[in-house]
Every structure is written in C-alpha cells, then in structure tokens.
2 protein chains.
Amino acid sequence: MYAALLAHIARYVALTPAETQAVSARFTCQTVPRKAHLFEAGQPCPGNYFVLQGCLRLYFVTEKGVEHITRFALENWWLTDYVSFLSQQPSALGIQAVEPTTVAVLSYQNQEALLAQVPALERYFRLLLQRTAAADQNRWMFQLRDSTEERYWHFSRSFPGFVQRVPQYMLASYLGCTPEFLSKVRAKANSGKATPGLAPKGGIS
Amino acid sequence: MYAALLAHIARYVALTPAETQAVSARFTCQTVPRKAHLFEAGQPCPGNYFVLQGCLRLYFVTEKGVEHITRFALENWWLTDYVSFLSQQPSALGIQAVEPTTVAVLSYQNQEALLAQVPALERYFRLLLQRTAAADQNRWMFQLRDSTEERYWHFSRSFPGFVQRVPQYMLASYLGCTPEFLSKVRAKANSGKATPGLAPKGGIS
DNA sequence: CGGATCGTTGATCAACTTCAACGGTCGTGG
DNA sequence: CCACGACCGTTGAAGTTGATCAACGATCCG
C-alpha cells in the first residue's frame, strides 16, 4: 500500500518487519482530484502529507485576494504547514492538489504515537528535516543573489519537466512575481533576445 | 560550562546525568572577537554552532563582491551551513561573529557519535528542526507578501533591540535590499511621512 | 457553441537600485 | 590629546526591474 513511503524511509533508517507494520498502520491513504483541498486556511492542518502520486501546493491568500505559494511537493516529498501542524492552531495556509493526487497522511496524534512506538523514525525525520533546511538555505541564496528572471531559468533547469506540470501563474506565485512578468521573460527567450547566459540550455523544450 | 546549552536541551528532552555528561564531553567551547570567522567560504563547515553569548551571521559573497546574509543567530540559537555540514564538502558560505561571541561547537563526527550514544538527542534535533522549518515558512510568507519596507518594520518590531545590535548594512543584506534604501525608509518614518500603518509602534526608540 | 480559464502583449507606474558625494563617529597612532 | 583614516549611515539624481491595468487570443471542457 505504502511501498514508496516505506522505500523512502528505508533509504534513511532500517526498520524491523514489526516496525514496518506499525508504520503502515499509522497512515491513512487519501486520493483527491485536481484542485481539491487537503485542508484550507482557517482549520488546523490535519497532518503531515507524503505524496505517493501527483503534486501539491502549500499556499496562502492575502487580504486583497492574491495567492502566494510557499512550497510545492511532488512524489516522495513531504508537505505540511509546520506552523499549524506543530501548534494545532488554525492554519493561515491551505494545501491543494495541483494534479489528481494520492497521499499518505500522518495525523499529528499518529505522528506522536508512531515516534514513541518506533524511535528510529526520530532519526528519519531529523535527517529529512536537515535536508529540508539545506534546500531552504539554497533557496534563500538564490532569492538574495539572483534576479527574478535568473531564478526562473535556474528553477526550470533544476526541475526539468516540472515547469510543464504546473500552470505558469503558479510558478510565478512561487517565484514571487506576476504571471505577466514570467510571460515576458519567456517571450524574450523565444525571440532570441534573451540575456546571454540566462536562456535555457537548448531553448525551450 | 554549557549551562545554557544543557538548559536548552532540557526544554525538549530529559537526559540522565550520564547522558548529560556525555553531551558535555562532545562539545568544545570557542570564544572569538568581533569580525572573526568561525569558518570561511572554501572550507568545509566544521560544525554545528550553538551561541552561548553574542551574535553570528551566515553569509556568502557574489562574484561581484556583494555580501548576502542568509541567517543570524543570537544566544540560544543553533547555526550552521547545512549544505556543507551534511556533505562535508567545501562551503559556499562563511560564519562570522557580529559581536564578541562564545559558541559551543559540535563537529560533524561528534554529532554523529553523540546521536548514536544519546538517542534522545535525535528527538531534540528533530523538534528543533521542525521549529526552524516553521520559522522559515513564516519568513517565506513575509517575503512573498510584504514589500521591503513592510518587512523592515515587521522585523524590527519582531526583534526589538536586535536592530540596535547589528549594523544597518547587515540588516539590509539580510532583508535583501540596499543600505541606502533602508536609510531612506527610516528617514521617512522620522519625518512623520511614513506610510500609515507601517511605522514602528511608538516611533523609533 | 459558449463560458471559463490561462497565457500574452503593450502602456504606464511604483519600488528599489546605482552611483556619487557628504558627514558623523570611533579607534588608533603620532 | 589631537588628527587622521576607516567605517558607516545619509542624501539626492538618474536608471532598472518588475508591477499594474486593460485588452486580446487560445484552449479546454461542458
């Protein structure tokens, strides 16, 4: 049932068959269509989500109705609103499926119980969070160093194919710019007027 | 010797006296003057730093010589370059003391050994990293939602006193703008021409 | 076919940068 | 003790980047 999840855990820590069984028992499986919400702003984030198939976005909406995406999650990524998940207070964000998506859900209570039951998972989550911290550090470096245009090309080179999976306006929202601006960046590249060194290697595919 | 550190750990997990002893044995203490480096870009990040007294900055320098600060650490905060610390490859960043600073250092080898020796610390670090993830999520929300000016006022309200501890140009570097711009933002507030709702509550102290 | 959704394009506008010059403060050496 | 220089914040003019607004086109799906 949770083969991908168990394989992911096995990459970091070794579990006994009994522990593997205990892990499986604590998760629930959830499949949602495109645009469905796993939860919405205002309710406490109900769990920690592991993406088995599909794509999620973690986002919030400003007073003026503008949406901002703080994070995406693809297959084999974890996603949650850590602020709400830890405090169990109503969330300021929501998680929505960008594509039809299947996730393994670990509720807060189940995570607590599972970590008490299988201490090796403390290590699993620590290692994961360290990698998340490293990824976030890199993201901040790009944010501080590069222009929006550079960040777009860097992102589309770093995650080839991902750019095709999500609508342009979500990319813009994640990168912190307007859809119009991204559109103009792409137009510039296609007309051969791209700033040297910025255009995608081999053009847009 | 490491009272603040041990107290910090005790806020998350309970250790036996023997474990506490094992923890103390794995750390080294280091005191450096203002502007001294704990390590510089090019060398592998030698450890995970816990600030006992003072203030650190994690920063990098672009090809053109511009410095960008990705993170600060005050008393009772941990700081490291996670990318280099985890890979033990040369770092793209450096850590420098903003003030005379005393830190407890946990080398990569010692961290590995200590976690094997005192498994409860797996939980300690997991909890810490979760809180870091939550803080980072908030930081991204501010980054996406607010203007640089709003971020400055929000930051100086969130960390009262901190703005006085670090030079203005470092604040600018952390917030992702120029020192000149921050200077103008402050000038606007002092002359009573601040955008309503943006100025610090009760004026600049 | 008709409506909604999403990307594109162009004109105008605001936020922020760049560059250059000036001024205050602090520590250090003469 | 003073003077000098380094360091840091400030100010103003001009330039860039990216936002905003409005209109138009394409595509998809019911």
Side-chain angles (χ1 to χ4, degrees), chain A residues 33-36 55 57 59 62-69 96-100 142-156 163-191 193-195 198 204, chain B residues 33-36 55 57 59 62-69 96-100 142-156 163-191 193-198 204:
Chain A
R34 198 169 95 95
K35 299 205 173 178
C55 178
R57 65 175 182 137
Y59 75 104
T62 66
E63 295 166 358
K64 281 149 208 136
V66 183
E67 288 186 358
H68 293 286
I69 297 175
Q96 188 190 37
V98 175
E99 306 170 351
F142 293 127
Q143 181 70 31
L144 291 170
R145 175 160 40 79
D146 300 336
S147 70
T148 300
E149 174 168 7
E150 287 169 321
R151 267 163 21 232
Y152 170 71
W153 293 123
H154 180 267
F155 184 86
S156 57
V163 175
Q164 331 300 336
R165 273 177 84 173
V166 312
Q168 205 106 295
Y169 74 91
M170 287 195 188
L171 240 313
S173 172
Y174 175 80
L175 293 173
C177 66
T178 59
E180 292 94 330
F181 185 71
L182 265 204
S183 179
K184 283 164 194 178
V185 164
R186 289 168 52 94
K188 196 166 63 163
N190 279 327
S191 67
K193 293 182 194 108
T195 312
L198 285 190
I204 290 189
Chain B
R34 197 170 95 96
K35 299 205 174 180
C55 177
R57 65 174 181 138
Y59 75 103
T62 66
E63 295 165 356
K64 282 148 207 137
V66 183
E67 287 186 359
H68 293 285
I69 297 175
Q96 189 190 36
V98 174
E99 306 169 350
F142 293 126
Q143 181 70 32
L144 291 171
R145 174 158 42 79
D146 301 335
S147 69
T148 300
E149 176 169 6
E150 287 169 321
R151 266 161 23 229
Y152 171 72
W153 292 122
H154 180 267
F155 185 86
S156 57
V163 175
Q164 332 301 336
R165 274 176 85 172
V166 313
Q168 204 106 298
Y169 72 92
M170 286 194 190
L171 240 318
S173 173
Y174 175 81
L175 293 173
C177 66
T178 59
E180 291 95 331
F181 184 71
L182 264 203
S183 179
K184 285 163 195 178
V185 164
R186 289 168 53 92
K188 196 166 60 163
N190 280 328
S191 67
K193 294 182 194 106
T195 312
L198 285 189
I204 290 187

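Numbered from 1 within each chain, the chains take letters A, B, ... in sequence-line order.
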Assign a letter to each nucleotide of nucleotides 10-24 of chain C from its 5' end: B, base within under 4.0 Å of a protein heavy atom; S, sugar-phosphate only; -, no contact. BB----SBBB-----
What residue among B:Arg34, B:Arg165, B:Lys35 forms salt bridge (charged side-chain N to carboxylate O under 4.0 Å, His left out) with B:Glu99? B:Arg165
Rounded to whole Å, please give me the gap between [atom1] in [X] and [atom2] in [N].
X	N	atom1	atom2	result
A:Gln164	C:dC6	CD	P	17 Å
B:Gln168	D:dG9	CD	P	5 Å
B:Leu171	D:dG9	CG	C1'	13 Å
B:Lys188	D:dT11	NZ	C1'	15 Å
A:Glu67	C:dC6	CD	C1'	14 Å

Let's go through B:Phe155 and B:Arg151 carefully: what are the C-alpha distance in whole Å and the side-chain angles of both, what is the deciding distance for side chain to side chain contact (heavy atoms under 4.5 Å, CB included) to 0.1 Å, and is it a yes or a no? CA-CA 6 Å; B:Phe155 185 86; B:Arg151 266 161 23 229; over 6 Å; no
Please determine whether side chain to side chain contact (heavy atoms under 4.5 Å, CB included) holds for the pair A:Tyr59 and A:Met170, giving the CA-CA distance in whole Å, both sets of side-chain angles, and the decisive distance to 0.1 Å. CA-CA 10 Å; A:Tyr59 75 104; A:Met170 287 195 188; over 6 Å; no
Distance from A:Lys184 atom NZ to A:Thr178 atom OG1, nearest 0.5 Å?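 Those atoms lie 7.0 Å apart.
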Working to the nearest 0.5 Å, report the span between NE2 of A:His68 and CG of A:Leu175. 12.5 Å
Going by atom types only, do B:Tyr174 and B:Arg57 share a side-chain donor-acceptor pair under 3.5 Å?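 Distance-only check fails for B:Tyr174 and B:Arg57.
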Checking all strands, does B:Pro179 fall into the base, sugar-phosphate, or nothing category for heavy-atom contacts under 4.0 angstrom? nothing
Taking the side chain of A:Lys35 as heavy atoms from C-beta outward, which of D:dG9, C:dC6, C:dT9 is closest to it? C:dC6
